[in-house]
**Q** 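Starting off with a structure, shown below.
Being a predicted model, the structure only gives us computed values, none of them experimental. Keep in mind that the numbers below use all heavy atoms, side chains included, and drop hydrogens, waters and symmetry copies.
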Amino acid sequence: MPMQTHILTLSCDDKPGIVAAVTTELAAIGANIAESNQFWDRASNRFFLRIAMDAPKSHDREAIERVLRPVSDRFDMRLSVADATRKPRIIIMVSKFDHAMLHLLYQIRVGWLDAEVVAIVSNHEDSRATAEMEGIPYHCWKVNKDNKQEQEAKLLDLFKETGADLVILARYMQVLSDTLCRKME
């Protein structure tokens with residue numbers, strides 16, 4: 001049977017039976033667990049689980065999430081399933097010092113980091129030539145206390161427009177607001 005690899009991540013308050021409930025549902029659809037990691041943060045009583053699995057191609061990401069919905073509701077989980085064969089889409093944010101951005105681009109080029117850079121955002125023009133050389137859209141948005149909210153709205157729009165999965169602050173020297181971070185979480 002053709003299989004596809006997925007990554008399941010979840011978090012919830014810790015209670016007995018979480019792993020058993022999740023893995024029982026995965027087994028019922030014919031999924032095979034390749035890797036499993038879990039952690040209980042005793043201070044916050046939060047439980048975190050990451051499972052890499054092969055599932056029948058007939059069960060795509062949405063189908064797996066649908067199968068797990070009763071378990072998710074029962075334990076009040078934050079749960080997501082990602083297609084492991086899809087490269088994560090990232091936005092790199094950089095200020096003047098570009099060494100962290102250059103290292104990320106190098107890791108992608110040599111295959112150490114399996115990701116696609118969909119945009120580079122900066123508050124300076126310094127990295128535009130690098131972005132153009134790499135064929136990556138570059139956005140220079142100057143940030144100050146008067147326009148910070150407007151610039152963060154642009155970033156959120158870009159995040160949605162590009163289908164980005166992650167924003168990496170590669171020596172970006174502006175603090176992102178709690179509101180923006182929650183919206184992108």
**Q** Indicate, with yes or no, if the rings of Tyr106 and Trp112 have centres closer together than 6.0 Å.
**A** yes
**Q** Strictly below 4.0 Å, N to O, side chains only: are Glu152 and Lys183 in salt-bridge contact?
**A** no
**Q** Flag the pair Asp13 and Arg46 as a salt bridge only when some basic side-chain nitrogen lies within less than 4.0 angstrom of an acidic carboxylate oxygen.
**A** yes
**Q** Going by an N to O cut-off under 4.0 Å, is there a salt bridge joining Asp165 and Arg86?
**A** yes
**Q** Might you confirm whether atom CD of Glu132 has over 12 heavy atoms from other residues, nucleotides or ligands at distances under 6.0 Å?
**A** yes
**Q** Is any NZ, NE, NH1 or NH2 atom of the basic residue among Asp126 and Lys96 found under 4.0 Å from an Asp or Glu carboxylate oxygen of the other?
**A** yes
**Q** To the nearest 0.5 angstrom, please state how far the CG atom of Leu10 sits from the CZ atom of Phe47.
**A** 6.5 Å
**Q** For the pair Glu62 and Arg66, find out whether any cationic side-chain nitrogen is under 4.0 Å from an anionic carboxylate oxygen.
**A** no
**Q** Looking only at side chains, do Gln149 and Asn147 share a donor and an acceptor under 3.5 Å apart?
**A** no
**Q** Going by atom types only, do Asn45 and Trp40 share a side-chain donor-acceptor pair under 3.5 Å?
**A** yes
**Q** Do Gln4 and Asp60 get their side chains close enough for a donor-acceptor pair, meaning under 3.5 Å?
**A** no
**Q** So, does Ser127 use its side chain to make a donor-acceptor pair with the main chain of Thr130 at under 3.5 Å?
**A** no
**Q** One thing to verify: whether Lys87 and Glu116 come together as a salt bridge, which I'm taking to mean a side-chain N less than 4.0 angstrom from a carboxylate O.
**A** no
